[in-house]
*Asks:* 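Got a structure for you, questions after.
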Amino acid sequence: MKKGIHPEYREVVFHDMTSDFKFITRSTMNSEETVTMEDGKTYPVVKVEVSSASHPFYTGKNIFVDTAGRVEKFNTRYKKK
């Protein structure tokens, strides 16, 4: 592999904001925020809206995710005049 062209691959915490679930995995995602987990190590945090802890397919529950604001914003931005 060529040196200096690949992003850093490291352990990152993904924080599901809907269910307040956190899990550690390896990723190339960058984040300014950090969190200290139960193991005492500090990891960068990437906040997500949906994960396996809150997705209806995995939980069997219907959880309403507010996307109406985004849809309305899209429609107003790209509405034909």
Side-chain angles (χ1 to χ4, degrees):
M1 292 193 312
K2 291 184 180 179
K3 296 186 187 237
I5 63 169
H6 299 286
E8 181 184 357
Y9 186 66
R10 62 179 183 270
E11 291 184 331
V12 176
V13 172
F14 282 90
H15 182 195
D16 183 354
M17 301 303 289
T18 306
S19 64
D20 199 35
F21 178 68
K22 297 176 186 171
F23 59 95
I24 301 171
T25 188
R26 296 186 57 83
S27 176
T28 59
M29 301 269 306
N30 292 328
S31 176
E32 298 290 325
E33 298 179 49
T34 60
V35 67
T36 303
M37 293 298 284
E38 294 84 24
D39 61 0
K41 294 181 184 177
T42 302
Y43 300 99
V45 177
V46 176
K47 295 180 179 177
V48 294
E49 294 180 10
V50 178
S51 71
S52 61
S54 62
H55 194 280
F57 180 80
Y58 297 106
T59 61
K61 301 176 185 175
N62 286 334
I63 298 174
F64 179 71
V65 178
D66 182 26
T67 58
R70 287 193 240 161
V71 172
E72 291 170 2
K73 188 176 178 181
F74 175 84
N75 287 335
T76 57
R77 184 182 294 164
Y78 296 106
K79 185 171 92 174
K80 290 187 177 182
K81 295 179 182 180

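For the numbers below, each heavy atom of this structure counts, side chains included, while hydrogens, waters and symmetry mates do not. Numbers here are sequence positions counted from 1.
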*Asks:* Give me the atom names and distance for the closest heavy-atom approach of Lys2 to His6.
*Replies:* O-CD2, 3.3 Å
*Asks:* Which pair of heavy atoms, one from Ser31 and one from Arg10, lies closest together, and at what distance?
*Replies:* N-NH2, 4.3 Å
*Asks:* For residues 21-39, pull every pair meeting salt bridge (charged side-chain N to carboxylate O under 4.0 Å, His left out), keeping only residues two or more places apart or in separate chains.
*Replies:* Glu33-Lys47
*Asks:* Check Ile24 against Glu11 and note the closest heavy-atom contact, atom names and distance.
*Replies:* CG2-CB, 4.1 Å
*Asks:* Quick one: CG on Asp20 to NE2 on His15, what's the gap to the nearest 0.5 Å?
*Replies:* 4.0 Å
*Asks:* Does some side-chain heavy atom of Met29 sit less than 4.5 Å from a side-chain heavy atom of Val45?
*Replies:* no
*Asks:* Please identify which of these residues, Thr34, Val13, Thr36, meets the side chain to side chain contact (heavy atoms under 4.5 Å, CB included) condition with Tyr43.
*Replies:* Val13
*Asks:* For the hydrophobic clusters of this structure (ILVMFWY residues joined by side-chain heavy atoms under 4.5 Å, transitively), does one cluster hold both Val48 and Met17?
*Replies:* no
*Asks:* Determine, using the 4.5 Å side-chain heavy-atom cutoff (strictly less than), whether Phe21 and Val46 are members of one ILVMFWY cluster.
*Replies:* yes
*Asks:* Mind checking side-chain hydrogen bond (donor to acceptor under 3.5 Å, both in side chains) for Thr28 and listing every partner two or more places apart, or none if nothing turns up?
*Replies:* none
